[in-house]
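The first residue in the sequence is number 1, and the count goes up from there. All values reported here derive from a predicted model rather than from experimental measurement.
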Amino acid sequence: MRALRLASVAVTAAVLLGGLAACGDGKADTKSSEDPAAGKASGFEPKAALAASAVVMEKAANGNVELALPDNTMTGTAQWKQRTDIDVAGKGKASTKTRVVGDDIFLGGGPDVTAALAGKHWAKVTPQDPGVGPMAGMFLTVTQLSNPVLQLTVAAQAGKPTKVGAEAVGGVQTTHYRAVEDVAKLTEAMTALGSDQRAAVQQTLAAGGNTMTVDFWINGTQELVQLKGYSNKNGEQQAVTVKYSGLGTAAKIEAPAFGDVGKSSDFSRLFGG
């Protein structure tokens, strides 16, 4: 039987909020906690502030995302209710398109990809594919790391969060927090994934070491505006940054039509597989 799913994780975060608000050095700063720009949770101990944001993001359930990867920027939508789905595309006609729906990973692209797939627009791949397995594993991992409820809750429960300070992100006033997370505990929380896919994520993350640093920027209504994660082995230059907007307004993400999915082997040949 699988462990608790993400909806239950957010409930745990709500419990944390009640239990941790008075932790740390004892008392919240009343003035800062009433400051609309800083947010009500800004006076809380860091774990409680992250837990408060987890509750807000769980309620939103979806939104627009911008992913800044080490070698690419992708935009699209994500949803994180019970499982994590994402639908993003890079810039330009030749850029890779990625759609992850639960355990299923679909990769697409520009005209070259469509031609290789005999007119179809997507190929279903897995981390075990001999040609594009590492790419599939990377996108599956990035999808999971983009789940704000997962990241905030793990940081609040098992991480070592600290408050960095007030910062503006895209003109929005936020409070910046930083947490060091154990990779094993992070992957254990990915309970909506099957064991094989969770193992693939574990393998991808473990290549960067046993821990990772995650930064959170939370606005005045406890919405997560931005997060940035990187392994403590590879460093910040290999960070993945996720910006969130349009919370609660994204369309449902669904798998491509069966007839529009080609062979993964044809897709692999484009990358020398």
Side-chain angles (χ1 to χ4, degrees), residues 2-3 6 9 65-74 78 80 83-86 88 90 95-107 109 123-155 157-161 178-216 226-243 264-265 267-273:
R2 294 183 181 178
L6 289 178
V9 169
V65 292
E66 178 182 299
L67 306 179
L69 308 176
D71 59 354
N72 194 10
T73 298
M74 308 185 80
W80 47 84
R83 68 184 190 192
T84 314
D85 301 337
I86 199 167
V88 292
S95 295
T96 301
K97 299 177 182 178
T98 304
R99 188 177 298 178
V100 179
V101 183
D103 280 1
D104 295 330
I105 309 164
F106 302 91
L107 299 181
K124 185 176 179 180
V125 300
T126 74
Q128 292 74 38
D129 281 340
V132 292
M135 182 186 294
M138 184 272 288
F139 279 121
L140 181 65
T141 301
V142 169
T143 298
Q144 293 300 310
L145 295 182
S146 300
N147 185 319
V149 179
L150 173 69
Q151 289 280 20
L152 288 159
T153 303
V154 170
Q157 289 181 327
K160 300 176 181 179
R178 175 170 294 153
V180 177
E181 299 179 2
D182 183 275
V183 166
K185 291 186 180 299
L186 179 61
T187 53
E188 283 174 7
M190 299 176 185
T191 54
L193 290 179
S195 58
D196 288 347
Q197 300 295 61
R198 193 160 62 248
V201 173
Q202 169 76 34
Q203 182 179 8
T204 301
L205 290 176
N210 295 325
T211 61
M212 63 182 298
T213 296
V214 184
D215 287 85
F216 303 90
Q226 177 177 280
L227 72 78
K228 179 172 69 175
Y230 54 93
S231 73
N232 293 328
K233 178 181 177 180
N234 296 331
E236 196 168 351
Q237 69 275 10
Q238 293 297 312
V240 173
T241 301
V242 188
K243 294 182 179 180
S264 62
S265 57
F267 187 90
S268 297
R269 278 195 285 272
L270 289 173
F271 298 89

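- Partners of Asp104 under the side-chain contact (heavy atoms from CB on, under 4.5 Å) rule, at least two apart in sequence or in another chain, are Phe106, Lys124.
- Contacts of Gln226 classified as side chain to side chain donor-acceptor pair (under 3.5 Å), with partners at least two apart in sequence or in another chain: none.
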Q: Carefully, step by step, assess Gln151 and Leu186 under the rule side chain to side chain contact (heavy atoms under 4.5 Å, CB included).
A: CA-CA 8 Å; Gln151 289 280 20; Leu186 179 61; 4.0 Å; yes
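- Summarising the geometry of Ala123 relative to Ser264, their closest heavy-atom pair is CB-CA, 4.1 Å, with the distance given to 0.1 Å.
- Qualifying side-chain contact (heavy atoms from CB on, under 4.5 Å) partners for Asn210, counting only residues two or more places apart in sequence or in other chains: none.
- You'll find the side chain of Val101 reaches within 4.5 Å of the side chain of Arg83, heavy atoms only.
- How far CG of Leu152 is from CD of Gln157: 11.0 Å, rounded to the nearest 0.5 Å.
- Contact detail for Arg198 and Leu193: the closest heavy-atom pair is NH1-O, 2.9 Å.
- Looking at every heavy atom in both residues, Thr187 comes nearest to Val201 through CG2-CG1, 4.0 Å.
- Taking both residues in full, the closest heavy atoms of Val183 and Ala206 are given as CG1-N, 4.2 Å, listed atom of the first, atom of the second, then distance.
- Residues passing the side chain to side chain donor-acceptor pair (under 3.5 Å) test with Gln238: none are found, sequence neighbours excluded.
- Here the NZ-OG1 distance, from Lys233 to Thr211, works out to 11.5 Å after rounding to the nearest 0.5 Å.
- In this structure the side chain of Thr141 reaches within 4.5 angstrom of the side chain of Leu205, judged on heavy atoms.
- Shown here for Gly102 and Asp85, the closest heavy-atom pair between the two residues is N-OD1, 2.7 Å.
- Thr213 pairs by the side-chain contact (heavy atoms from CB on, under 4.5 Å) definition with Arg178, Val180, Asp215, Tyr230, Asn232, not counting sequence neighbours.
- In this structure, the separation between CG on Asp196 and CG on Asp103 is 8.5 Å, given to the nearest 0.5 Å.
- Considering only residues two or more places apart in sequence or on other chains, Lys228 meets the side chain to side chain donor-acceptor pair (under 3.5 Å) condition with Glu236.
- Rounded to the nearest 0.5 angstrom, Met212 CE and Leu145 CG are separated by 5.0 Å.
- Exactly one of Leu140, Ile86, Thr143 qualifies for a side-chain contact (heavy atoms from CB on, under 4.5 Å) with Ile105. That residue is Leu140.
- Asp129 places no side-chain N or O within 3.5 Å of a backbone atom of Gly131 that could act as its donor or acceptor partner.
- For the atom pair Ser146 OG and Leu67 CG, the distance stands at 4.5 Å (nearest 0.5 Å).
- Shown here for Ala136 and Pro127, the closest heavy-atom pair between the two residues is CB-N, 3.9 Å.
- Annotation: side-chain contact (heavy atoms from CB on, under 4.5 Å) contacts of Thr98 (sequence neighbours excluded): Met74, Val88, Thr96, Val100, Leu107, Phe139.
- Considering only heavy atoms from C-beta on, Gln237 stays 4.5 Å or farther from Pro70 through its side chain.
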